[in-house]
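For reference, the structure is listed below as structure tokens.
Just so it is clear, the values below take in all heavy atoms, side chains as well, and ignore hydrogens, waters and symmetry mates. Just so it is clear, the model here is predicted, and its values are computed rather than measured.
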Amino acid sequence: MPQMNMIQALNSAMDVMLERDPSVIVMGEDVGYFGGVFRVTEGLQRKYGEHRVLDTPIAEGGIVGAALGRGVNGLRPVAEFQFSDYIYPAFDQIVSELARLRYRSAGAFWSPVTVRTPCGGGIRGGQTHSQSPEGIFTHVCGIKVVMPSNPYDAKGLLIASIEDDDPVIFFEPKRLYNGPFDGTPDKAAVAWKGDPRAEVPEGHYAVPIGKAQIVRSGAALTIVTYGTMVHVCEAAVRDTRLDAEIIDVRSMIPLDVDTLCSSVSRTGRCLIVHEATGFSGFGAELSATIQERCFWDLEAPIERVTGWDTPYPSAFEWDYFPGPARVAAALRRLMSPP
Amino acid sequence: MPQMNMIQALNSAMDVMLERDPSVIVMGEDVGYFGGVFRVTEGLQRKYGEHRVLDTPIAEGGIVGAALGRGVNGLRPVAEFQFSDYIYPAFDQIVSELARLRYRSAGAFWSPVTVRTPCGGGIRGGQTHSQSPEGIFTHVCGIKVVMPSNPYDAKGLLIASIEDDDPVIFFEPKRLYNGPFDGTPDKAAVAWKGDPRAEVPEGHYAVPIGKAQIVRSGAALTIVTYGTMVHVCEAAVRDTRLDAEIIDVRSMIPLDVDTLCSSVSRTGRCLIVHEATGFSGFGAELSATIQERCFWDLEAPIERVTGWDTPYPSAFEWDYFPGPARVAAALRRLMSPP
Amino acid sequence: MSTLIDGPQPPSAVGSAGARASRLHIPAVPARPGHRSDFGYLSLSAAGALPRPAIDARAADIGELAAGLVRVLDDDHRPVGPWHLPLEPSVLKTGLRHMLLTRAFDRRMQRTHRQGRISFYIQSTGEEAVSVAQAMALRPGDMLFPSYRNQGLFVARGVPLVDLMCQLLSNRGDMCKGRQLPVMYHSGPARIFSISGNLATQYPQAVGWAMAGAIKGEDHIAAAWIGEGSSAEADFHHGLLFASVYRAPVILNVVNNQWAISTFQGFAGGEQQSFAARGPGFGIPGIRVDGNDFLAVHAVTQWAAQRARANHGPTLLELVTYRAEAHSTSDDPSRYRPRDDYQHWPLGDPIERLKQHLILAGHWTESAHQALSAQLEAQVDSSWAEALAQGTPEQGCSLDRGLMFEDVFKDMPEHLRRQRDALAAERG
Amino acid sequence: MSTLIDGPQPPSAVGSAGARASRLHIPAVPARPGHRSDFGYLSLSAAGALPRPAIDARAADIGELAAGLVRVLDDDHRPVGPWHLPLEPSVLKTGLRHMLLTRAFDRRMQRTHRQGRISFYIQSTGEEAVSVAQAMALRPGDMLFPSYRNQGLFVARGVPLVDLMCQLLSNRGDMCKGRQLPVMYHSGPARIFSISGNLATQYPQAVGWAMAGAIKGEDHIAAAWIGEGSSAEADFHHGLLFASVYRAPVILNVVNNQWAISTFQGFAGGEQQSFAARGPGFGIPGIRVDGNDFLAVHAVTQWAAQRARANHGPTLLELVTYRAEAHSTSDDPSRYRPRDDYQHWPLGDPIERLKQHLILAGHWTESAHQALSAQLEAQVDSSWAEALAQGTPEQGCSLDRGLMFEDVFKDMPEHLRRQRDALAAERG
Ligand SMILES: Cc1ncc(C[n+]2csc(CCOP(=O)(O)OP(=O)(O)O)c2C)c(N)n1
Ligand SMILES: Cc1ncc(C[n+]2csc(CCOP(=O)(O)OP(=O)(O)O)c2C)c(N)n1
Ligand SMILES: [Mg+2]
Ligand SMILES: [Mg+2]
């Protein structure tokens with residue numbers, strides 16, 4: 001089985017789909033000749049031509065608007081936003097158009113656009129290259145929202161997203177592009193190579209949208225998380241030696257409530273972890289839903305560990321980032337509530 | 001004491017501030033000569049001139065961008081968005097600029113813009129004239145978010161917002177403009193006249209941002225709500241004859257957690273009600289926070305009654321709208337959990 | 001900067017009241033209620049005065065078309081000049097019929113609203129030539145991206161009035177299944193895109209659609225319409241930009257009917273320059289055309305369509321017209337403009353002008369016109385009866401409320417199924 | 001439309017591979033690595049060839065300025081033509097000094113990045129005349145809204161290099177208190193606005209600032225800069241539109257350095273038309289100027305400033321230049337353009353050209369230039385030492401982490417106080 005890092009896995013997903021389906025096209029800023037600032041589309045224009053792998057003007061709203069129109073006319077556009085901090089200029093086209101088209105036209109028109117965008121911090125990017133805006137999109141009905149945490153899921157979920165007839169916002173935790181970062185920036189960087197989740201088939205396969213994954217089974221408590229934080233939580237569990245169950249949400253819309261709730265009902269304790277700002281973040285929805293379903297089984301309050309409610313400041317990156325120590329402290333609190 | 005409906009109260013707030021403070025300006029689509037499509041700015045241009053009460057191009061992003069610049073240059077802009085469904089084209093200027101300016105410049109620059117916008121349904125507006133997008137903005141750090149539920153608060157909060165040196169998104173539940181709508185569309189419309197909350201002083205006063213209000217005291221359970229739903233919840237409480245405490249959140253950022261939690265700790269039961277789509281709505285944050293703080297006092301799961309996770313369909317408005325029956329059912333469930 | 005750090009400094013005197021007079025320019029408005037509009041602001045060319053360039057002309061070389069006004073019918077209803085491309089009388093009569101039907105439909109639906117049987121309506125009175133002539137100048141395979149004031153496109157493409165009426169009624173025949181505000185139609189078979197409540201979004205969408213056609217090597221083109229007020233939105237810029245960069249086969253239309261609700265077109269940037277003039281700045285030909293002149297509108301649209309189909313790229317058309325009635329049934333224009341404005345509008349009425357032209361040419365008579373009008377009124381009446389048969393407002397909503405949860409996604413996910421069931425339980 | 005209802009139809013053959021060839025136009029790129037750029041795409045005017053109109057000229061009457069290229073210095077470094085407004089030699093020498101200092105600063109910070117002492121840097125090499133000449137043509141009370149490649153504005157307005165360096169180091173002297181990526185400076189006292197990571201947002205903000213000045217009756221003007229790539233963003237449109245409608249006293253600059261990271265300017269719409277040409281479409285004069293010609297840049301900026309101050313409204317300037325180095329320290333331009341491109345750039349180097357002009361005029365010598373260069377290098381060195389005294393990267397972050405929670409709001413609300421305390425507890 002070939003080994004791929006997340007960049008290669010994502011590239012492979014688009015390669016496979018461009019090859020299989022002549023209606024698939026890739027577009028975005030610097031994605032063509034150059035292959036993207038994170039090299040995720042490298043080589044695709046050379047292989048499929050500049051009519052199928054297009055450089056675009058720097059106009060995120062226009063990119064989504066044009067992608068929507070192409071989708072209506074029979075193509076399957078995969079649009080890259082260079083950083084998810086730059087998705088906001090496209091907000092109206094995503095919320096009012098992409099998400100609503102099928103509904104408002106009662107199915108007469110729809111557009112299967114996939115929007116790919118790197119998110120999250122830990123790369124010294126400062127407040128406009130580090131954001132995790134997924135929570136905002138989870139409040140928008142009519143789009144699917146996913147975020148993989150490893151190369152295998154990245155490829156499988158991206159293929160599923162491209163094949164999906166609904167629009168999908170596909171977040172790529174950029175700190176994981178090259179390795180399974182566990183939240184300790186001082187340690188030497190670890191590469192994906194050798195990690196079982198980096199064993200990625202060359203060809204076509206899909207990871208279904210809407211299914212969470214139990215990353216580690218455990219009985220003491222449940223950690224619900226996604227993206228980079230999956231690896232941080234693994235580290236925190238190693239550090240605390242608690243028998244935690246770790247669930248990687250993967251798909252925020254639709255959400256696999258059953259997998260989450262059956263775990264929490266079993267363990268009676270739940271910690272929710274994400275990198276984004278806490279207030280009204282996606283963790284709030286996770287907490288509220290789990291509490292509604294599992295209330296009678298809860299032995300301690302559901303807690304959240306998240307980024308602070310501030311922008312992501314470049315000099316205080318590691319004070320902002322919810323690292324393993326912060327997660328571990330919460331785990332301990334959860335096991336012996338005050 | 002004069003009686004005002006919500007339109008008059010909002011108008012009076014701007015009138016008072018335009019009069020007192022020469023740096024206050026009002027701007028937006030159709031707000032000038034015409035006085036706004038909901039007549040909220042009526043008469044202001046005549047009184048203060050077309051240099052202080054400006055009609056603008058239909059470009060929400062430009063409106064916020066230009067307002068931000070004016071704020072930096074010493075003015076206090078009050079910008080109207082015709083419907084909160086049309087705030088999305090301005091999303092980047094709000095999130096990346098207005099909310100971040102003070103932070104990223106370490107206080108050297110800031111802009112005290114107030115964005116006013118009517119929200120909510122119940123006026124047969126269909127999916128693009130009925131939205132309640134406040135939840136999205138509550139995930140954005142650096143802005144304040146408020147929503148009044150009556151004329152007195154509307155004027156006092158709007159004055160506080162204009163005087164506030166931070167940007168404020170001010171949501172106006174348009175179904176309440178003319179009367180305290182309780183969620184039963186078939187009943188004859190009730191006007192504000194005669195309602196004690198419609199007694200509004202002519203002059204200057206402020207309702208502080210960041211304080212919730214207990215609208216009805218009670219011991220059996222706590223309802224946390226805001227906007228139009230305050231009145232719907234009052235109706236549901238009347239119908240169920242439960243001794244519910246009803247809290248009007250009023251200010252979402254900052255949130256008056258203490259008032260909410262001391263009530264829930266006392267009653268042990270909590271229902272959260274809003275009109276917006278439920279999934280990742282502001283109710284999720286309310287539920288998560290209250291659960292974290294009040295877990296040991298809870299006698300039943302915190303429930304949410306909200307709009308469904310669909311767009312707001314024009315023909316099914318009253319199936320979508322979380323009316324008193326849906327609230328009452330939840331109240332009963334909460335008092336005797338299954 | 002301490003003044004900034006200390007907080008906004010109240011200007012010691014602001015605006016007209018102050019000692020230091022404000023230097024901000026505020027666009028002029030021709031007249032407010034109680035006065036009479038001076039339409040002198042409108043730059044007019046004589047009929048026939050402007051040249052008709054080759055379809056591969058460079059935008060920069062035909063700038064006069066963006067500043068002037070392409071007109072074919074002169075004041076005596078005679079067609080003149082290079083933009084007169086004679087059309088079969090039958091075609092013109094079809095155009096007249098579509099325009100008359102559109103107006104009859106509008107008038108009837110407006111009345112229906114006043115009777116409280118539909119909740120909202122938007123008329124296109126005075127602007128019928130825009131939609132009808134343009135639809136007729138395009139091919140059935142071309143894709144149309146309308147605004148809410150282009151009902152003439154639906155009429156000209158033969159969408160049954162009943163279908164539109166059922167949408168207005170949100171009844172069993174509603175193509176939108178009760179989800180859209182009245183007038184937000186669409187038609188899959190007629191290739192007319194779904195109308196959005198958010199202004200101007202269709203502009204880059206149409207460009208994208210056209211780009212896809214080009215990628216696939218097809219020769220269908222796309223056309224989009226927005227109001228002059230909406231041209232202020234970002235998506236106007238996105239549309240022009242993407243069309244320019246990829247030379248997309250698309251026609252971008254700005255319908256300048258002088259008003260955006262209460263806001264005069266000067267506030268959309270029409271005071272300093274025409275809207276057509278935005279095109280040449282992107283290398284896109286801009287053509288300003290008399291939007292009430294059926295022949296002129298048809299001719300420029302045909303020119304733009306040929307240009308696009310021959311792979312010479314996009315065209316920006318500004319259709320100069322006047323919104324004769326209220327913005328919508330929620331609006332009362334007498335609050336912000338002279339009541340009799342339309343009587344003084346220098347470009348007349350599109351139906352009247354085409355009618356007179358046909359009569360002058362000997363293809364039409366006053367009595368044929370009366371007969372046709374009566375026939376179309378009857379058609380509207382019978383369509384209305386047919387539409388009501390699929391559910392009247394008095395019967396309440398005739399659509400299954402479960403439809404609310406469909407089409408959010410292609411397949412209904414678990415959480416929506418649960419919500420649908422909860423609603424069903426609630427309603428018994 | 002059943003094809004739509006049935007799902008996207010895979011085109012039977014797409015793109016160059018297919019039988020039906022794609023008709024989509026893709027903008028041309030002058031050369032990719034391994035080839036040599038043909039700069040023939042660049043429309044050039046001879047120095048002195050374009051007229052200098054009165055400051056109240058109408059945009060439509062001076063369209064040639066948007067298509068041509070205003071140049072003052074000819075190939076022999078002699079100033080010619082109507083745009084030559086003689087400046088005191090001392091002024092030119094100050095300009096030369098600012099440009100040299102900017103370049104020395106850039107070079108040194110680039111090296112510092114390579115040594116791992118700062119995390120990110122952006123050079124402005126080859127574009128120094130833009131910022132320096134423009135800052136010098138404006139008044140201290142005018143407000144500047146820069147992009148991330150306008151460090152010359154800070155230099156020309158006398159912001160100490162130490163302040164900029166402390167920002168790059170995020171140390172105790174950082175004006176941004178550790179919150180912004182390196183190079184995202186600002187200066188309250190020097191009236192230079194905070195740089196945003198989100199492109200083009202400063203355009204409507206500058207217009208708003210200028211509108212406020214006009215409302216208050218002041219005669220300070222605003223100026224904003226964006227790259228040609230960023231002119232694709234919606235806020236470019238918003239800026240032009242609002243400036244046009246209210247005739248705001250603002251100068252809107254597009255710095256066309258040919259590249260936006262790896263994307264050639266054709267993809268921003270520069271193939272069909274100049275960027276200056278967007279202006280006339282809004283009634284705003286557009287002037288395309290040789291951005292490497294200090295005298296030309298100064299002259300057009302002065303013209304635009306006088307125009308704005310005299311209440312004749314905004315101007316759009318396109319400054320034609322070339323990004324000589326990488327986009328940023330994260331970029332490697334040899335992956336997408338010829339390595340030696342800059343050597344062939346037809347408009348030369350701005351510093352070299354001003355230097356030769358001064359020598360030719362007898363105000364400068366090669367040895368004075370060497371001495372000045374050495375002096376400025378030393379100034380950069382000593383500034384760097386001074387900056388490091390306020391915290392070196394090796395010492396770790398010298399700022400209090402509690403600062404993270406300040407300035408989110410003017411007063412810290414309860415929830416942020418709680419979070420600040422939690423972090424303090426976590427870190428002991
Ligand atoms: C994004 C957005 N902003 C505001 C509105 C509210 N609105 C609806 S129609 C309209 C006026 C549009 O005028 P114009 O584009 O000239 O079209 P016309 O009505 O004249 O045909 C406005 C402001 C909206 N629908 N969408
Ligand atoms: C809204 C937004 N989209 C994308 C980016 C990423 N980005 C940063 S710089 C840049 C290129 C800008 O090029 P140009 O405007 O020509 O300026 P230059 O770098 O040439 O000075 C891009 C795409 C961003 N910062 N903001
Ligand atoms: Mg209009
Ligand atoms: Mg550039």
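Taking NE2 from D/His237 and OG from C/Ser231, the interatomic distance works out to 6.5 Å, rounded to the nearest 0.5 Å. Atom OG of D/Ser22 sits about 11.0 Å away from atom CD of C/Glu218, to the nearest 0.5 Å. In this structure, CZ on D/Arg23 lies 12.0 Å from CD1 on C/Ile215, to the nearest 0.5 angstrom.
When the candidates C/Leu240, C/Leu24, C/Ile284 are compared by the number of heavy-atom contacts under 4.5 Å with chain D, C/Leu24 comes out ahead. Between chain C and the residues D/Pro27, D/Ala232, D/Gly286, the most heavy-atom pairs under 4.5 angstrom are made by D/Ala232. Counting heavy-atom pairs closer than 4.5 Å to chain C, the top-ranked of the candidates D/Arg58, D/Glu271, D/Met211 is D/Met211. Among D/Gly283, D/Ala214, D/Ala66, the residue making the largest number of heavy-atom pairs under 4.5 Å with chain C is D/Ala214.
Residues D/Gln273 and C/Ala60 share a closest heavy-atom pair of NE2-CB, 4.3 Å.
Contacts between C/Phe275 and chain D at a heavy-atom distance below 4.5 Å are absent for every atom of the residue. Only the side chain of D/Phe236 comes within less than 4.5 Å of a heavy atom of chain C; its backbone N, CA, C and O stay farther away. Heavy-atom distances place no part of C/Ala276 under 4.5 Å from chain D, backbone and side chain included. Residue D/Ala59: no heavy atom, backbone or side chain, is found under 4.5 Å from chain C.
For D/Ala212, the side-chain contact (heavy atoms from CB on, under 4.5 Å) criterion is met by B/Arg70, B/Asn73, B/Leu75, not counting sequence neighbours.
Looking at D/Arg247 and C/Gln272, their side chains come closer than 4.5 Å, going by heavy atoms from C-beta outward.
With D/Arg278 contributing its side chain and C/Arg278 its backbone, the two residues share no donor-acceptor pair below 3.5 Å.
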